[in-house]
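Reviewing the structure listed below.
Sequence lines set the chain letters: A, B, ... in the order given, protein chains first and strands last, and positions in each chain run from 1.
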Amino acid sequence: MTSQVRVRFAPSPTGYPHVGNIRTALFNWLFSRHWGGSFIVRIEDTDVVRKVEGAVEAILDSLRWLGLLWDEGPEVGGKHGPYFQSQRLKTYHEVAERLVLQGNAYYCYCSPRRLEGMRAEQVRRKQPPGYDRHCRNLSPKERSQKEDEGITPVVRFKTPLEGKTPFNDLIRGEVVFENRAIDDYVLLKSDGYPTYHLANVVDDHLMQISHVLRAEEWLSSTPRHLLLYQALGFSPPQFAHLPMILGSDRSKLSKRHGAVSITEYREEGYLPETMVNFLALLGWSLDDKTEIISPKELVDKFSLERVSKTAAIFNKDKLSWMNGVYIRSLSLDDFTQRALPFLEEGLPASVKRPLPPDYVKKIMPLIQERAKTLAEVPELVRFFFTQELDYDSRLLIGKGMNQEVTFGALKEAKAKIAELKTFDTDSLESVLRPLAAGLGLKTGQLFGTLRVAITGQTAAPPLFQTMAVLGKEKCLERINDALENLARPAS
RNA sequence: GGCGCAUUCGUCUAGCGGCUUAGGACACCUCCCUCUCAAGGAGGAGAUCACCGGUUCGAAUCCGGUAUGCGCUACCA
């Protein structure tokens, strides 16, 4: 008997992985790494109807992206495979058959129509909906009659009519369910696929899973699973039900809450280290102040005792803040490397590709601390690449200035800049700062005007650094353009 | 309707009977820094700890009830 920790992430490929799924994966991964155990990925593709093409790849990609590598599962294999439930149907059939033989399950021939009618009636009479056990005690004769009619039955679990099923949830403590509140649920569907309940229990046992860490929505199903373990003579794993992640309106996360799939966050330019850090803190905390925490420390300190019991709302503002923190912490090279794909993608088509590496490298330090996501980098640096600036010429005229003053200031500035032999931050500052005083302008006024002329924006990286990167020629061109724009009567 | 879980600033959370005038973070506001925007620094506002009872010398912390929210109640997971 080993006390090896073996946990699994068992997604169903019925859609792209959302933050809730991934948070569950993260906690499983952290738990396994903390205890030196194994992290297993198992694909629960038992719902043929809802199966989504590409979902498995999206799930695995997301895990890899976040660094949540698995010890057993798709692609890497393992000695308890296969790790796709659709490839394990024979096992489920055998177990279901055994259950029927043992008297713990039975064939049910009820038509969907009958079940529907039954449920409607139950709801109408305000009774708890649930299977009425119509086929629970069919005689052999009745059964063969149904078989003769060509009906493919489902296999239902013969839930004990009395008693209680208690268990100790590692996060919530003692939980008890009355068996009579549990109906005879389906184990094997008529299409030959098992339901979650059967496949999950069988595989967790066969794969020697020691701890089941899953979302709270499974809490009510746990007694069903426990009853199944009992009937099968398997010793159940330990259960821990994680708090759910909710949308801003406190309902289950869905499309209307904006980005829900983890792949969308990736596309929006959130760093994987941000997601890991943020998701870890959604339902778990180290202490009363730790916000930024490394994966290593997460693994080191993770514990189920510090997992909270209450559902959490996904706070995107805080995510963005945290992403900014991580972006700023990147080395310049790393930041550049990561931003590059977003630049190639996000810059206007008119900008020549490939982007000149040296030029890009000079720009990046100017915006690194201004970017909250990688996806907004193209917008922040666009004016460095585009030929023509498109802005309202009225922006050139700063507070307390008029057209004439602005025009003169730009002209003077242009002259000073043109005289410059060395064109860098210091030389620009040494000539432009005095110029402001000479013109009787505040530095903010002169620099503001120049900023609009140079960048087409009122908010941009520091002016002199920006100009130094752009180069003398381009700066002069843009000031010329600004002068022309100013001279043109505003329409 | 039944069953289950939960309930501390708008949000994420700390708190596990006295150290709490309930701490931190995001967001918000003010000021400083400053050529704008960021970043950074200093402050501020924001929670009668859902409510009602009980236990106790003492409760956000323990117990009970109520309310509210969420989940489950499918041949979905």
Side-chain angles (χ1 to χ4, degrees), chain A residues 10-15 44-47 49-50 108 110 112 115-116 119 122-123 125-131 152-156 169 171-172 175-178 180-183 185-191 193-197 199-200 215-224 241 243-244 246 248 250-252 278 281-292 305-306 308-322 324-325 328 367-372 380 398 429 432-433 436 442-452 455 457-464:
Chain A
S12 148
T14 51
E44 309 219 324
D45 51 352
T46 57
D47 188 337
V49 179
R50 290 201 309 153
C108 167
C110 293
L115 295 175
E116 221 169 281
R119 252 188 304 271
Q122 285 164 337
V123 170
R125 287 158 62 179
K126 302 217 163 183
Q127 285 177 337
Y131 182 58
T152 313
V154 301
V155 176
R156 285 184 184 272
D169 186 278
I171 291 170
R172 275 146 230 283
V175 184
V176 187
F177 287 83
E178 296 277 352
R180 84 176 107 82
I182 305 167
D183 74 346
Y185 59 97
V186 173
L187 295 171
L188 208 57
K189 301 182 259 185
S190 57
D191 65 0
Y193 280 81
T195 58
Y196 172 90
H197 305 300
N200 195 263
E216 197 198 330
E217 54 191 303
W218 293 107
L219 190 66
S220 322
S221 301
T222 307
R224 296 168 179 228
H241 289 91
M244 307 241 298
L246 274 22
S248 48
R250 289 221 154 266
S251 72
K252 215 171 169 177
F278 185 78
L281 257 25
L282 214 52
W284 178 86
S285 63
L286 174 59
D287 52 32
D288 59 343
K289 48 180 70 70
T290 304
E291 300 288 347
I292 302 299
E305 290 97 77
R306 296 202 61 87
S308 89
K309 297 179 177 64
T310 54
I313 293 175
F314 192 86
N315 184 185
K316 205 169 171 179
D317 273 345
K318 189 159 182 174
L319 207 221
S320 295
W321 162 77
M322 191 176 280
V325 172
R328 276 172 252 130
I367 55 103
Q368 181 168 10
E369 71 171 27
R370 277 162 249 270
K372 285 240 189 309
L380 289 171
E429 181 152 19
L432 292 176
R433 216 171 260 288
K442 288 184 187 155
T443 49
Q445 292 176 304
L446 205 221
F447 298 169
T449 294
L450 279 169
R451 173 171 299 105
V452 173
T455 69
Q457 304 166 0
T458 52
L463 183 62
F464 308 132

If you compare all heavy atoms of A/H241 against all heavy atoms of A/L219, which two are closest, and at what distance to 0.1 Å?
ND1-CD1, 3.2 Å
Quiz question: going by heavy-atom distance under 3.5 Å, is there a donor-acceptor pair between the base of B/rC37 and the side chain of A/R370?
yes
Nearest whole Å is fine: how far is B/rC9 P from A/D288 CG?
17 Å
Find the distance A/I182:CD1 to B/rU73:P and express it as a whole number of Å.
12 Å
Check whether any side-chain nitrogen or oxygen of A/R50 sits under 4.0 Å from OP1 or OP2 of B/rA77, and answer yes or no.
no
So does A/R250 get a side-chain nitrogen or oxygen closer than 4.0 Å to the phosphate oxygens (OP1/OP2) of B/rC12?
yes
State whether a side-chain donor-acceptor pair under 3.5 Å links A/D287 with A/T290.
yes
Atom OH of A/Y131 and atom P of B/rC72: how far apart are they, to the nearest Å?
23 Å
Can you identify which nucleotide, out of B/rA74, B/rU13, B/rC76, has its nearest atom closest to the A/S285 side chain?
B/rU13
Measure from CD1 on A/I171 to C1' on B/rG4 and round the result to the nearest Å.
16 Å
Less than 3.5 Å between a donor and an acceptor, one on the side chain of A/K309 and one on the base of B/rA6, is that the case here?
no
Between B/rC51 and B/rA67, how far apart are the P atoms? Round to whole Å, please.
16 Å
Quick one: does any side-chain atom of A/Q122 pair with a main-chain N or O of A/G130 as donor and acceptor, under 3.5 Å?
yes
Once you measure the plane-to-plane angle for A/H197 and A/W218, does it fall in the parallel (<30°), tilted (30-60°) or perpendicular (>60°) bin?
perpendicular
Does A/S190 contact B/rC75 through a side-chain donor or acceptor facing the base, at a distance under 3.5 Å?
yes
Taken to the nearest whole Å, CZ/A/R119 to C1'/B/rG2 is 15 Å
Would you indicate which nucleotide in B/rC5, B/rA77, B/rU13 comes nearest to any side-chain atom of A/T46?
B/rA77
Side chain of A/I313 (C-beta onward), nearest among B/rG4, B/rA6, B/rU11
B/rU11
Using Watson-Crick or G-U wobble geometry with both distances below 3.5 Å, tell me the partner of B/rA22, or none.
none
Taking pairing as Watson-Crick or G-U wobble with both contacts under 3.5 Å, can you name the mate of B/rG1, or confirm there isn't one?
B/rU73
Across all strands, who's sitting opposite B/rC16 as a Watson-Crick or G-U wobble pair, both distances under 3.5 Å?
none
Whole Å only: how far is the CG atom of A/L246 from the P atom of B/rA6?
15 Å
Using Watson-Crick or G-U wobble geometry with both distances below 3.5 Å, tell me the partner of B/rC35, or none.
none
Per atom distances to the A/M244 side chain, the nearest of B/rC76, B/rC70, B/rA39 is B/rC70
Can you tell me the pairing partner of B/rU55 across any strand shown, Watson-Crick or G-U wobble, with both distances under 3.5 angstrom?
none
Does any nucleotide pair with B/rG46 by Watson-Crick or G-U wobble geometry, both distances under 3.5 Å, and what is it?
none
A/Y185 six-ring centre to A/R156 NZ/CZ under 6.0 Å and within 45° of normal:
no
